[in-house]
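Beneath this line is the structure, given in structure tokens, with notes to follow.
Worth saying up front: this structure is predicted, and the values here are computed from it rather than measured.
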Amino acid sequence: MSRRLLASPSVSPDPTLRHVLRHVARTYQAQLSEQFGQYGISDAEYTVLFVLKRMPGLSSAEISRWTAVTAQAGNQIVKSLSESGLVTRRQSEDHGRVLLIELSPEGRRIVDACEKHANDLEAQMCEQMSVDERAAFMRLLRSAADGLGSPISTVARR
């Protein structure tokens with residue numbers, strides 16, 4: 001007996017929070033990835049550039065922690081960005097074996113352009129929300145992040 005697949009409904013009858021969150025995250029990420037691809041960078045590379053824009057002079061280990069990837073993955077991303085001329089490395093004055101990473105002028109240009117796309121997409125995602133609703137949405141997401149132990153949380157760890 002074969003099972004017949006039904007077409008997906010255009011509106012989910014009763015989506016769970018996890019279902020809605022997954023769809024929002026995947027749709028948002030897919031659209032961002034498409035934009036980043038126009039600049040020749042991956043999502044992971046953008047994330048590193050984004051972190052370095054706000055906190056220049058991090059080590060590869062610090063970048064890995066801030067971007068929630070393994071040390072090996074962080075090193076590979078930094079190596080790729082360095083080979084593409086988007087970041088530079090310099091020796092730490094405190095530790096001779098530690099290399100500190102900063103954006104190159106081209107890296108700054110690309111992260112700024114990608115950030116504009118990300119901001120535009122955020123605005124599109126929240127266009128039906130009032131300013132107060134958007135602020136509440138952000139507070140709720142950060143609270144949810146805290147519940148999961150995410151480093152993006154606003155609650156200080158004990």
Side-chain angles (χ1 to χ4, degrees), residues 17-18 20-157:
L17 175 60
R18 66 186 163 272
V20 173
L21 186 58
R22 180 175 178 259
H23 277 271
V24 169
R26 283 185 171 215
T27 302
Y28 182 84
Q29 199 58 52
Q31 290 181 27
L32 272 185
S33 295
E34 185 178 324
Q35 294 295 324
F36 298 162
Q38 293 178 16
Y39 296 93
I41 63 169
S42 68
D43 295 347
E45 290 170 328
Y46 166 75
T47 301
V48 170
L49 294 173
F50 180 84
V51 167
L52 287 172
K53 179 178 178 182
R54 282 151 184 75
M55 296 179 287
L58 295 178
S59 69
S60 187
E62 291 169 320
I63 288 171
S64 297
R65 284 191 291 277
W66 275 101
T67 59
V69 299
T70 65
Q72 295 84 356
N75 282 329
Q76 282 302 117
I77 295 166
V78 169
K79 181 180 176 188
S80 173
L81 290 170
S82 181
E83 289 170 355
S84 298
L86 302 180
V87 298
T88 60
R89 298 183 204 189
R90 65 176 168 80
Q91 204 166 26
S92 169
E93 295 170 10
D94 298 330
H95 288 292
R97 295 179 60 193
V98 174
L99 295 176
L100 303 180
I101 302 143
E102 296 180 348
L103 294 175
S104 70
E106 180 65 3
R108 179 165 293 281
R109 184 189 72 75
I110 286 179
V111 75
D112 287 346
C114 289
E115 200 166 0
K116 181 183 179 333
H117 290 295
N119 290 341
D120 291 348
L121 189 56
E122 278 181 25
Q124 178 186 343
M125 179 178 67
C126 297
E127 70 187 355
Q128 294 180 20
M129 296 179 200
S130 69
V131 172
D132 289 342
E133 288 171 329
R134 187 173 176 165
F137 182 54
M138 181 63 143
R139 280 192 305 276
L140 290 169
L141 287 173
R142 291 186 81 143
S143 180
D146 182 57
L148 296 173
S150 170
I152 196 90
S153 141
T154 56
V155 178
R157 297 277 175 233

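- Rounding to the nearest 0.5 angstrom, the gap separating the CD1 atom in I77 from the CD1 atom in I41 is 11.0 Å.
- With values rounded to the nearest 0.5 angstrom, Q35 atom CD is found 11.5 Å from Y46 atom OH.
- Evaluation of the side-chain contact (heavy atoms from CB on, under 4.5 Å) rule for M138 yields R142 as partners, not counting sequence neighbours.
- A pairwise comparison of heavy atoms in V98 and S59 identifies CG1-CB, 3.8 Å as the closest pair.
- Nearest heavy atom pair, residue E106 against residue G85, reads CB-O, 4.2 Å.
- Across E45 and L81, no two heavy atoms sit closer than the pair CB-CD2, 3.7 Å.
- Residues passing the side-chain contact (heavy atoms from CB on, under 4.5 Å) test with L121 are Y28, Q31, L32, Q124, sequence neighbours excluded.
- With sequence neighbours excluded, no residue satisfies salt bridge (Lys or Arg N to Asp or Glu O under 4.0 Å) with K79.
- Within a 6.0 Å radius of CD in Q128, other residues, nucleotides and ligands contribute 12 heavy atoms or fewer.
- Taking the side-chain contact (heavy atoms from CB on, under 4.5 Å) definition, one finds that A113 meets it with Y39, sequence neighbours left out.
- Smallest separation of non-hydrogen atoms from G74 and V69: N-CG2, 3.7 Å.
- L49 contributes atom CG, which lies 7.5 Å from atom CD1 of I110 (distance to the nearest 0.5 angstrom).
- Taking the salt bridge (Lys or Arg N to Asp or Glu O under 4.0 Å) definition, one finds that R54 meets it with E115, sequence neighbours left out.
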Exercise. Apply salt bridge (charged side-chain N to carboxylate O under 4.0 Å, His left out) to the pair D120 and K116, showing each step before the final yes or no.
Key: CA-CA 6 Å; D120 291 348; K116 181 183 179 333; 2.8 Å; yes
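- Note that the CG atom of L86 and the CD1 atom of I101 stand 13.0 Å from one another [nearest 0.5 Å].
- Contacts classified as ring pair (Phe, Tyr, Trp, His ring centres under 6.0 Å) and involving residues 69-94 (residues at least two apart or in different chains) are not found.
- Between the side chain of S82 and the main chain of V78, no donor-acceptor pair closer than 3.5 Å is present.
- The two residues F50 and V111 make their nearest non-hydrogen contact at N-CG2, 3.6 Å.
- Take R89 and apply the side chain to side chain donor-acceptor pair (under 3.5 Å) test, not counting sequence neighbours, and it matches no residue.
- With hydrogens and angles disregarded, no donor-acceptor distance shorter than 3.5 Å links the side chain of S143 to the backbone of R139.
- Here N75 contributes atom CG and L99 contributes atom CG; the two are 10.0 Å apart, rounded to the nearest 0.5 Å.
- Residues passing the salt bridge (Lys or Arg N to Asp or Glu O under 4.0 Å) test with R134 are E122, sequence neighbours excluded.
- The side chain to side chain donor-acceptor pair (under 3.5 Å) test applied to Q76 returns no partner, not counting sequence neighbours.
- By the side chain to side chain donor-acceptor pair (under 3.5 Å) test, R90 is found to be paired with E102, residues two or more places apart in sequence or in another chain being considered.
- Within the 4.5 Å cutoff, side-chain heavy atoms of K53 are placed close to those of D112.
- Residues satisfying the side-chain contact (heavy atoms from CB on, under 4.5 Å) criterion with T47, sequence neighbours excluded, are T67.
- Between atom CZ of residue R65 and atom OG of residue S60 there is a gap of 10.0 Å, rounded to the nearest 0.5 Å.
- Here the closest heavy-atom approach between residue L58 and residue E62 is recorded as CA-OE1, 3.3 Å.
- Among residues two or more places apart in sequence or in another chain, the salt bridge (Lys or Arg N to Asp or Glu O under 4.0 Å) test is passed with D43 by none.
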